[in-house]
Amino acid sequence: MSEVRTRFAPSPTGFLHVGSLRTALFAYAFAKSQGGKFILRVEDTDCQRCIPGAAEKIYEMLKIFGIDWDEGPLVGGSYAPYIQSERVRTGVYKKYAEQLLKGGHAYYCCCPPEELEQIEERHERKRIELRDPCRNVDIQEAQARIKKGEKLAIRLRVPENETVSYHDFVLKKEISWETNCIDEVMLLKTDGFPTYHLGVVVDDALMQISHVIRGRDWLPSTPVHLLLFKYLGFPLPQIGHLTDILDPGGGKLSKRKGAVSCEEFLADGYLPEAILNFIMLVGWAPKDNRELFTLEEFIINFQKGSLQIANPVFNRKKLDWFNGIYLRKKTDEELASLLKNYVPDGANVALVNQTVPLVKDRITKLSDYRLLAGFFFEEPKIDRALFSATAGVQLIKAAEVLGKIKKWEKVEIEEGLKKLIEKEKWETGDFFMNFRVAISGSKITPPITDSIVILGQKTTLSRLQQAAKMLE
RNA sequence: GCCGCCAUCGUCUAACGGUUUAGGACAAGUCCCUUUCAAGGACUAGAUUGCGGGUUCGAAUCCCACUGGCGGCACCA
């Protein structure tokens, strides 16, 4: 059996989408699970849509998630990805387009390039006629026009009344199309760049990709690729289409309803391993219902599980759950260091370290830290409506008791407070809630006595006094 | 409009055509723990497997039709 080779082929037109991360992950795991190779190829043949720096961002992201590629041009001792715009210069795409032309499987298109507004019109026309009028233009005539300096594009010539089909290894079924329904797509643009269709087929063939794994949204263009593989005389790779990830609100996962790029999730304080574990289970499932996998474990188990064929809905709550799990797996030191970008500016490092054990079980993502522990670093803004009617006296007396404490330690503090509550016959819950609000400005906090131990006697007293004053 | 894909609890899913009173996880609810919120533990509820027909001794599992969802139809990828 020949080597398994998969690839991830993003276009650098924006941030890495979680759906793309999944495609990359599955292609990577598929190859790795069989001792194969994984390749990264940047499909940047539409110069206008490319965003400077986007490609580098994608490399960086993949590496953060542990997805690294095994091949490519050597640059400074490591592999660079294959880049289509660079390959254009070698003339490969043009060469194969001309081969198709020669074989009668493509033709020059003399239509003037359309503006975006006209595309809609074309779309309407497609409903009636799939064939381009240029298919009948004499090739000699077209070549004469090119000699005169005109730039002509090249379209695929689709045969009539044939059937094309392939076996989808993810869907596990034969899928076929009547050629009469296949569009005569553009292959080579007037700027000399290939379109996606020519680009993928030529490169997948030349790079000897054994298994093409891509999103379901590519399924409709597969018949075109099938034709190209055939006419170019390339062996057909195995092709498999992954599910589309759906938005809870319906339709494909979209930005409107929240974050979709890996950058955003990371910035929000989701851990790479949590995102990765979550995304593994979106479109793939093991037989034994296991849920926790590291990347290595995923690779080992990949073949034993199965790729889903029904489109899943993106379940954010489940991502939160995974993140909580991985957050709690961190040591306090690790968590403190991860929290660096989420603590208030200029926050005291030692103070942050002390608060970590208190917040660890209470945050679902790193960005929650500030909301929960902000009062350690800045004076709280207190809404007096949060206090109960008994708050005034309680705070004053609590301050008196705490002011007398010699050793500022948890046991001493708790003892003093408990005695006070008993003596005054207060309700424990009522007292602590008022106390909590006075210290933090919030009804939701880490354990409050632990918190004031960290906060220190001076700050604690001043906050109590301030709150009491406010209630006068 | 045309072409294609899909269909099990709210969500993600498990279940060689028979061991299934359809299992697990997230979410929800109840209880325990508890000075709040979490975390943790225990438990509950939730799916006549979209609908209708077949095939079969037997169907969530196979076939057909319907309905619904999704995707694609650019000199974009």
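In this text the structure is predicted, and so the values were computed from the model without any measurement. Letters A, B, ... mirror the listed sequences (proteins, then strands); counts begin at 1.
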field: Separation between the P atoms of G69(B) and A74(B), rounded to whole Å
entry: 23 Å

field: Of the listed nucleotides U13(B), C70(B), G4(B), the one nearest the side chain of Asn311(A)
entry: C70(B)

message: Under 4.0 Å from OP1 or OP2 of A15(B): is there any side-chain N or O of Lys287(A) that close?
response: yes

Geometric cation-pi criterion, Arg316(A) with Phe314(A): 6.0 Å, 45°: no

message: Checking contacts here: which listed nucleotide (A7(B), C5(B), C73(B)) is nearest the side-chain heavy atoms of Asp183(A)?
response: C73(B)

statement: Checking G72(B), A14(B), A77(B) against the side chain of Lys252(A) (C-beta onward), the nearest is G72(B)

query: What is the ring orientation for Trp426(A) with Phe431(A), classed by angle as parallel under 30°, tilted 30 to 60°, or perpendicular over 60°?
result: parallel

message: Can you measure Asp244(A) atom CG to G71(B) atom C1' for me and round it to whole angstrom units?
response: 6 Å

task: Among U13(B), C5(B), G40(B), find the nucleotide with the atom closest to the side chain of Arg328(A).
output: G40(B)

message: The side chain of Trp321(A) is closest to which nucleotide in this list: C76(B), U11(B), A27(B)?
response: A27(B)

query: When you check the phosphate oxygens OP1 and OP2 of A14(B), does a side-chain N or O of Gln308(A) lie under 4.0 Å from one of them?
result: yes

Aromatic centroids of Trp218(A) and Tyr196(A) separated by under 6.0 Å: yes

query: Does the side chain of Asp44(A) come under 3.5 Å of the side chain of Gln84(A) through a donor N or O and an acceptor N or O?
result: no

query: When rounded to the nearest Å, what value does the distance between C1' atoms of A27(B) and U56(B) take?
result: 39 Å

message: So, applying ring pair (Phe, Tyr, Trp, His ring centres under 6.0 Å) with Tyr270(A), which one of Phe322(A), Trp321(A), Phe265(A) is it?
response: Phe265(A)

- prompt: Which nucleotides of nucleotides 31-36 of chain B have their base under 4.0 Å from a protein heavy atom (B), which only their sugar-phosphate (S), and which neither (-), written as one string 5' to 3'?
  reply: ----BB

Thr190(A), nearest nucleotide to its side chain (from C2(B), C26(B), C75(B)): C75(B)

query: 5'-most contact on RNA chain B: Arg49(A) or Thr364(A), nearest heavy atom basis?
result: Thr364(A)

Residues Asp132(A), Arg155(A): salt bridge by 4.0 Å N-O rule: yes

- prompt: Quick one: the side chain of Asp361(A) and the base of G40(B), do they pair up donor-acceptor inside 3.5 Å?
  reply: no

What are the atom names and distances for every N/O pair under 3.5 Å that joins the protein to nucleotides 42-48 of chain B?
none

message: Which nucleotide wins on minimum distance to the side chain of Asp217(A), given the candidates A14(B), G72(B), C75(B)?
response: G72(B)

- prompt: In whole angstrom, what separates Arg155(A)'s CZ from A74(B)'s P?
  reply: 9 Å

task: Ignoring the backbone of Glu43(A), work out which of A77(B), C26(B), C75(B) is nearest its side chain.
output: A77(B)

message: If I take atom NZ in residue Lys304(A) and atom C1' in nucleotide A14(B), what distance separates them, rounded to the nearest angstrom?
response: 16 Å

field: Whether Phe30(A) and Phe302(A) hold their rings parallel, tilted or perpendicular, with breakpoints at 30° and 60°
entry: perpendicular

query: Could you state the CD-P distance from Glu291(A) to C26(B), rounded to the nearest angstrom?
result: 7 Å

task: To the nearest 0.5 Å, tell me how far Phe376(A) CZ sits from Leu455(A) CG.
output: 6.5 Å

message: Checking contacts here: which listed nucleotide (C75(B), G72(B), U11(B)) is nearest the side-chain heavy atoms of Asn315(A)?
response: U11(B)

field: Under 3.5 Å donor-acceptor pair, Arg216(A) side-chain atoms to C5(B) base atoms
entry: no

query: Does Asp204(A) pair with Arg7(A) as a salt bridge, N-O distance under 4.0 Å?
result: yes

query: Which one, U13(B), C26(B), C3(B), comes nearest to the side chain of Asn289(A)?
result: U13(B)

- prompt: P atom, U20(B) versus A15(B): distance in rounded Å?
  reply: 15 Å

